[in-house]
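First up is the structure itself, then whatever we jot down about it.
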Number of protein chains: 2
Amino acid sequence: MRIGELAERAGTTAKTLRFYEEQGLLPPAERTPSGYRDYAPETVARIDFVHRGQAAGLTLAQIRQILDIRDGGHAPCEHVRDLLDARLAEIEQQIAQLAALRDTIAGLRNDAAKPDLDSCSPDQVCRYL
Amino acid sequence: MRIGELAERAGTTAKTLRFYEEQGLLPPAERTPSGYRDYAPETVARIDFVHRGQAAGLTLAQIRQILDIRDGGHAPCEHVRDLLDARLAEIEQQIAQLAALRDTIAGLRNDAAKPDLDSCSPDQVCRYL
DNA sequence: CTTGACCTTCCCCTGCACTGGAAGGTCCAG
DNA sequence: CTGGACCTTCCAGTGCAGGGGAAGGTCAAG
């Protein structure tokens, strides 16, 4: 299978697949005599795994780590569990930060709606901020 | 006031202030005869405004728009209100996406804890993903 | 007179995950 | 044999908000 077909089957682009190879997410592809990359059908599953990892919010570098462990013949379970736990903690923190930001902005927005603040003071940039 | 002092007073770095000038957030500074930038004390307030805008999650480009309007002699209130409203909507969406991602990951993590999945299947990369 | 702190411009680098485009090679149908 | 679809490598850029560091000018203290 050539790179274009693989890309289509895996729902991505040829450009991205070359990038993945460069980043070590895909092993260097076999080549036809004329130099075209030639992929085994199973490669689709590997790309799907990359996509699932991305859907879980992992970076390509983290996904690469998992694949490296697996390619080394080991089970990456513990590592993956740690990564997922770390992501969970990060996400909770991000949500908390965004919630705080939302409250801040909502407060600014509210203050601005007060009737006694109808005029903009000329010596400040903006009464909203 | 020279750039180093201004940076310290405003809680930032000289490098960043030159960057802000380049980006149009600060007007081109006055220069001493020897070419040093020379700032009026009020400049601190402008930089503080930039920081408040950032704290509200606005990009430098958006903050620049506000400053441009104000520098043009108009009140940027409506524009700022629209920006804040847009930010609020964005934040809500980001929170919702993160919450969904959190649930996804927590689900994966949970599945992995099931006792009947103790062994990693050798034909998949990882049972967690 | 020299040292050291400060300033100037200039260009490149960071992280993340790609994307665009140029110049050229290959393959198959008509 | 020609056209077009596909492939190759390599270089460069995207967005965001700066940071690093070189090469050189300026200023006040000792």
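Note on naming: letters A, B, ... go to the chains in the order of the sequence lines (proteins, then strands), and numbering restarts at 1 for each one.
- Contact annotation: R2(B) does not reach the phosphate of dC6(C) (side-chain N/O to OP1 or OP2, under 4.0 Å).
- Taking 4.0 angstrom as the limit, S34(A) places none of its side-chain polar atoms (N or O) nearer than this to OP1 or OP2 of dT8(D).
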Derivation and outcome, side-chain contact (heavy atoms from CB on, under 4.5 Å), residues R31(A) and R37(A): CA-CA 5 Å; R31(A) 299 293 180 132; R37(A) 285 178 180 79; 3.3 Å; yes
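- Checking dG18(D), dT8(D), dG19(D) against every side-chain atom of T13(B), the shortest atom distance belongs to dG19(D).
- Listed nucleotides: dC27(D), dA17(D), dG18(D). Nearest to the side chain of T59(B): dA17(D).
- When the side-chain nitrogen and oxygen atoms of R31(A) are compared with OP1 and OP2 of dT9(D), one or more of them lie within a distance under 4.0 Å.
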Audit row: L25(B), I47(B), side-chain contact (heavy atoms from CB on, under 4.5 Å) steps and yes/no: CA-CA 9 Å; L25(B) 291 156; I47(B) 300 166; over 6 Å; no
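- Positionally, the nearest nucleotide of DNA chain C for I3(B) lies more toward the 5' end than for the other of I3(B) and T12(A).
- With rounding to whole Å, L26(A) atom CG is found 12 Å from dC18(C) atom P.
- Distance CZ (F19(B)) to P (dC12(C)): 17 Å, rounded to an integer number of Å.
- In this model, a side-chain donor or acceptor of Y36(A) finds a partner on the base of dG25(C) within 3.5 Å.
- Residues F19(A) and I63(A) share a hydrophobic cluster, clusters being chains of Ile/Leu/Val/Met/Phe/Trp/Tyr side chains in contact below 4.5 Å.
- Atom CD in E5(B) sits roughly 16 Å away from atom C1' in dA28(D) (whole-Å rounding).
- The CD-C1' distance, from E22(B) to dC12(C), rounds to 13 Å in whole Å.
- Positionally, the nearest nucleotide of DNA chain C for T16(A) lies more toward the 5' end than for the other of T16(A) and P33(A).
- When the side-chain nitrogen and oxygen atoms of Q54(A) are compared with OP1 and OP2 of dC18(C), one or more of them lie within a distance under 4.0 Å.
- When the options H79(B), R81(B), R87(B) are evaluated for a side chain to side chain contact (heavy atoms under 4.5 Å, CB included) with L83(B), the one that passes is H79(B).
- The interatomic distance linking I63(B) (CD1) with dA17(D) (C1') rounds to 11 Å, in whole Å.
- When each of T32(B) and Y20(B) is assigned the nucleotide of DNA chain D with its nearest heavy atom, Y20(B) is the one assigned upstream, toward the 5' end.
- dC7(C) atom P lies 7 Å from atom CZ of R18(B), rounded to whole Å.
- Nearest nucleotide to the L60(A) side chain, out of dG18(D), dA17(C), dC6(D): dA17(C).
- Across dG21(D), dC7(C), dC18(C), the shortest atom-to-atom separation from the side chain of K15(B) is found for dG21(D).
- At the phosphate of dT8(D), OP1 or OP2 sits under 4.0 Å from a side-chain N or O atom of R37(A).
- Using a 4.0 Å cut-off between charged nitrogen and carboxylate oxygen, D71(B) and R46(B) count as a salt-bridge pair.
- Separating the CD atom of E21(B) from the C1' atom of dC10(C) is a distance of 15 Å, rounded to the nearest angstrom.
- Under the 4.0 Å criterion applied to side-chain N and carboxylate O atoms, R9(B) and E5(B) are assigned as salt-bridge partners.
- Between the P atom of dA17(D) and the CG atom of L25(B) lies a distance of 9 Å, rounded to the nearest Å.
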